[in-house]
Amino acid sequence: MAGTGVFTDIIDGDIYKYYADGEWKKSSSGKSVSIVNPTTRKTHYRVQACTQEEVNKVMESAKIAQKSWAKTPLWKRAELLHKAAAILKEHKTPIAECLVKEIAKPAKDAVTEVVRSGDLISYTAEEGVRILGEGKFLVSDSFPGNERTKYCLTSKIPLGVILAIPPFNYPVNLAVSKIGPALIAGNSLVLKPPTQGAVAALHMVHCFHLAGFPKGLISCITGRGSEIGDFLTMHPLVNCISFTGGDTGVAISKKAGMIPLQMELGGKDACIILEDADIDLAASNIVKGGFSYSGQRCTAVKVVLVMESVADELVEKVKSKVGKLTVGSPEEDCDITPVVTESSANYIEGLVLDAKEKGATFCHEYKRDGNLIWPLLLDNVKPDMRIAWEEPFGPVVPVIRIKSVEEGIHHCNASNFGLQGCVFTKDINKAILISDAMETGTVQINSAPARGPDHFPFQGLKDSGIGSQGITNSINMMIKVKSIVINLPSPSYTMG
Ligand code: NAP
């Protein structure tokens, strides 16, 4: 059970502590932040509301701890990460329980998230040992006008203190996808978890504590992003920000100083269906891609663009599959569970009502009870409707009927987002041409958009992000290249 067994140290009464300097602490603010269970809509957990002074202390400790961590052999860093991964997997049950209570993640998916996170940490340790152990050797005579008098040795050095801010929907997985790369590369890390999901994240951080990482190397500051976010992201001791979330990321990128940014933001992933597509395959993928975790995924199918000639068949198949989804509580492992907050539910409702007013066809009755919204397919959506462009982050999928492939590509590219997209066709040549034309970070051919497997590059264009994620890319993003040049008094050429 959460907060018990090996986790008793992380809670004081009914308020979870924050983690700094290798210890679990109560904030001097005397204030806490409530985490409302999306299903019961009652406070389920409480976490510390950390102060700016506590953030300063954490940053100072992180700076000091990083210096000695950078001198820790790579194999030892990897060994500790493997240990943390094993501990995390061992305690998957209480951590998954937090995900069920804080973010209404269906029970089985919650366990999967924790196990996947353990695997991600181990893979990161292995990948780090390989790629960080290699540098480059360059000689000067390849550039015009130079003799072979300079040897350049490049190596990969850490950036310093990494600030990691993940979103609510994968608070464990999207935290370790930043923690693992940061630590293996020799950085220290300060985590600011999402408020919904903070308790799962605190349990996960405790697994790193149990693995025996040095004091101050990892810390976890809790509190509302709207209150301590700016202080964290503009902190002078932060050397890199890795953020995943919504528009907040755009605002952070304008305020942050001259430091590397990794931003994984929202998406409006389009699914283009051609006349020759396997309609059964497309329908299954739209349901899986659009409605898993109630549509609260950055890579959910967020707009279907289907050729008119196959639209009736597709809509009928998707409608029937959606009608079979189970709706209810995450504890019962239902397909559709309450969305994360009441304000999210209100936002989704606003998009649905706008579509209704403007004439969309409702394939199912719109139903809502508290934060629980029944899955809904909207047909005949037109470009003047908000749902054609905005990210519902809920179980509602709009269908736009198109007359040509160009119309579909145009709609996809007119979005301010560019995360992923997908195309369904049996013609590989068309699939490649369309994939190349879609302005998104990734295009899936004959499958729904997805983040992962976690070592695949993952990136968004336009307002969907800066930089690229995925284990290898994240490690490379959290290092800088350093060169040492050996200058010889006279040219030296290696003889055969
Ligand atoms: P969000 O509202 O942007 O919050 C993300 C994180 O930012 C949370 O930890 C939040 O903390 C924190 N935050 C809020 N205000 C802040 C500030 N001023 N400074 C610094 N941090 C601040 O996003 P969300 O609702 O959690 O997640 C949904 C969004 O994430 C969707 O748009 C989705 O598409 C996107 N997403 C993208 C990816 C990707 O890889 N591209 C993956 C998953 C989700 P609090 O919770 O305390 O407010």
Side-chain angles (χ1 to χ4, degrees), residues 18 32-36 38 47-50 55 102-103 105 113 163-175 177-178 190-201 220-235 238 241-256 261-269 292-302 339-341 343-345 347-348 390-394 415-420 440-442 449-452 454 456-470 473-474:
Y18 77 101
S32 65
V33 175
S34 300
I35 298 172
V36 174
V47 293
Q48 309 288 326
C50 291
V55 170
E102 287 183 284
I103 58 166
K105 184 159 280 191
E113 177 173 343
L163 173 63
I165 307 183
F168 82 84
N169 58 348
Y170 291 89
V172 175
N173 185 264
L174 287 171
S177 71
K178 303 171 189 316
V190 176
L191 173 69
K192 163 26 208 144
T195 295
Q196 302 286 144
V199 176
C220 187
I221 287 284
T222 51
R224 290 204 182 282
S226 52
E227 283 164 24
I228 53 161
D230 283 354
F231 191 73
L232 278 160
T233 53
M234 294 196 278
H235 201 284
V238 169
I241 302 173
S242 177
F243 177 92
T244 308
D247 289 348
T248 321
V250 178
I252 292 174
S253 66
K254 289 183 181 141
K255 291 183 224 163
L261 300 177
Q262 187 181 39
M263 292 280 160
E264 290 297 343
L265 312 181
K268 184 71 185 168
D269 295 5
S292 296
Y293 187 34
S294 308
Q296 297 174 111
R297 294 165 49 250
C298 53
T299 53
V301 169
K302 292 185 185 136
V339 296
V340 69
T341 57
S343 63
S344 296
Y347 180 75
I348 298 162
E390 294 177 40
E391 189 185 26
F393 233 59
S415 170
N416 59 319
F417 291 121
L419 191 58
Q420 287 211 358
T440 61
T442 304
R451 188 172 56 84
D454 288 322
F456 279 14
F458 181 62
Q459 54 281 316
L461 307 185
K462 299 188 267 184
D463 283 354
S464 289
I466 301 175
S468 177
Q469 278 197 127
N473 286 353
S474 290

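Both counts, for ligands and for their atoms, begin at 1 and track the order of listing. Sequential numbering from 1 along the given sequence is applied to the chain's residues.
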When you measure from the heavy atoms of Leu174 to every atom of ligand 1, does any distance fall below 4.0 Å?
yes
Kindly indicate whether the side chain of Phe458, heavy atoms from C-beta on, has any atom under 4.5 Å from the side chain of Cys298.
yes
For Ser464 and Gly266, indicate whether the former's side chain and the latter's backbone hold a donor-acceptor pair under 3.5 Å.
yes
Report the part of Thr299 in contact with ligand 1, treating N, CA, C, O as backbone and CB onward as side chain, heavy atoms under 4.0 Å; options are side chain, backbone, both, neither.
neither
Would you tell me which option among Thr244, Ile165, Asp230 has the nearest heavy-atom contact to atom 12 (C) of ligand 1?
Ile165
Between Ile241 and Leu261, is there a side-chain heavy-atom distance shorter than 4.5 Å?
yes
Which residue and non-hydrogen atom of the protein lie closest to atom 17 (C) of ligand 1, and at what distance in Å?
Gly225 O, 3.5 Å
Give the atoms of ligand 1, by number and element, whose distance to some non-hydrogen atom of Leu419 is under 4.0 Å.
41 (N)
For residues 242-250, run the donor-acceptor check on the side chains, cut-off 3.5 Å, and write out each pair with its distance to 0.1 Å, sequence neighbours left out.
| residue | atom | partner | partner atom | Å |
| --- | --- | --- | --- | --- |
| Ser242 | OG | Lys178 | NZ | 3.2 |
| Ser242 | OG | Gln262 | OE1 | 2.6 |
| Thr244 | OG1 | Lys178 | NZ | 2.6 |

Those atoms of ligand 1 less than 4.0 Å from some heavy atom in Phe458:
39 (C), 40 (O)
Looking only at protein heavy atoms, identify the closest one to atom 36 (N) of ligand 1 and say how far it is in Å.
Cys298 CB, 3.5 Å
Just jot down the ligand 1 atoms closer than 4.0 angstrom to any heavy atom of Arg224, in number order.
47 (O)
Geometric N/O contact Leu265 with ligand 1, under 3.5 angstrom:
yes
Contact between Gln196 and Pro167 at the side-chain level, heavy atoms closer than 4.5 Å - yes or no?
no
Taking non-hydrogen atoms only, is Tyr170 closer than 4.0 angstrom to ligand 1 via side chain, backbone, both or neither?
neither
Is there a donor-acceptor contact under 3.5 Å from the side chain of Gln420 to the main chain of Ala450?
yes
With respect to Thr195, determine whether any N or O atom, backbone or side chain, lies less than 3.5 Å from an N or O atom of ligand 1.
yes
May I ask you to list the atoms of ligand 1 that are less than 4.0 angstrom from any heavy atom of Pro194?
8 (C), 9 (O), 46 (O)
Return the residue, atom name and 0.1 Å-rounded distance of the protein heavy atom closest to atom 34 (O) of ligand 1.
Glu391 OE2, 2.5 Å
Candidate with minimal heavy-atom separation from atom 44 (C) of ligand 1, of Asn169, Ile241, Thr222, Asp269:
Asn169
Which is it for Asn169 and Leu174 under the side chain to side chain contact (heavy atoms under 4.5 Å, CB included) test, yes or no, and what are the steps along the way?
CA-CA 9 Å; Asn169 58 348; Leu174 287 171; 4.1 Å; yes
Shortest protein contact, atom 19 (N) of ligand 1 (heavy atom only)
Gly229 CA, 3.2 Å
Select the closest option to atom 9 (O) of ligand 1 among Pro166, Gly245, Pro167, judged by heavy-atom distance.
Pro166
Closest to atom 24 (P) of ligand 1 among protein heavy atoms sits Phe168 CD2, 3.7 Å
Could you check whether any side-chain heavy atom of Val339 comes within less than 4.5 Å of a side-chain heavy atom of Pro38, counting everything from C-beta outward?
no
the protein heavy atom lying closest to atom 28 (C) of ligand 1 turns out to be Phe393 CE2, 3.6 Å
With a heavy-atom distance limit of 4.0 Å, tell me whether Leu232 approaches ligand 1 through its side chain, its backbone, both, or neither.
neither
If only atom types and distance count, is the side chain of Lys268 paired as donor or acceptor with the main-chain N or O of Asn416 below 3.5 Å?
no
Of the backbone atoms (N, CA, C, O) and the side-chain heavy atoms from C-beta on, which set of Val340 has a member under 4.0 Å from an atom of ligand 1: side chain, backbone, both, or neither?
neither
Side-chain heavy-atom pair Val190, His235 within 4.5 angstrom cut-off
no
Atom 11 (O) of ligand 1: closest protein heavy atom, distance to 0.1 Å, is Lys192 NZ, 3.1 Å
Below 4.5 Å, heavy atoms only, C-beta onward: do Thr341 and Ser344 meet side chain to side chain?
yes
Heavy atoms only, cut-off 4.0 Å: how does Ser226 contact ligand 1, side chain, backbone, both, or neither?
backbone
Atoms of ligand 1, numbered as shown, that sit under 4.0 Å from any heavy atom of Gly266:
32 (O), 34 (O)
Does an N or O from Gly246, backbone or side chain, lie closer than 3.5 Å to an N or O of ligand 1?
yes
I need the single residue from Val47, Thr195, Leu191 that forms a side-chain contact (heavy atoms from CB on, under 4.5 Å) with Thr222. Which is it?
Val47
Determine, using heavy atoms of Gly223 and all atoms of ligand 1, whether some pair is separated by less than 4.0 Å.
yes
Using a 4.5 Å cut-off on heavy atoms from C-beta on, say whether the side chain of Pro171 contacts that of Pro193.
no
Using a 4.5 Å cut-off on heavy atoms from C-beta on, say whether the side chain of Leu232 contacts that of Val238.
no
Should Phe243 be counted as touching ligand 1, given the test is an N or O pair under 3.5 Å?
no
Go through Ile103 and Gln296 one step at a time and tell me if the side chain to side chain contact (heavy atoms under 4.5 Å, CB included) criterion holds.
CA-CA 10 Å; Ile103 58 166; Gln296 297 174 111; over 6 Å; no
Go through the structure and list residues passing side-chain contact (heavy atoms from CB on, under 4.5 Å) with Glu391, not counting sequence neighbours.
Lys302, Phe393, Phe417
Shortest reach to atom 4 (O) of ligand 1 by a heavy atom, considering only Ile35, Thr248, Ile252
Thr248
Is ligand 1 under 4.0 Å from a heavy atom in the side chain of Arg297, in the backbone, in both, or in neither?
neither
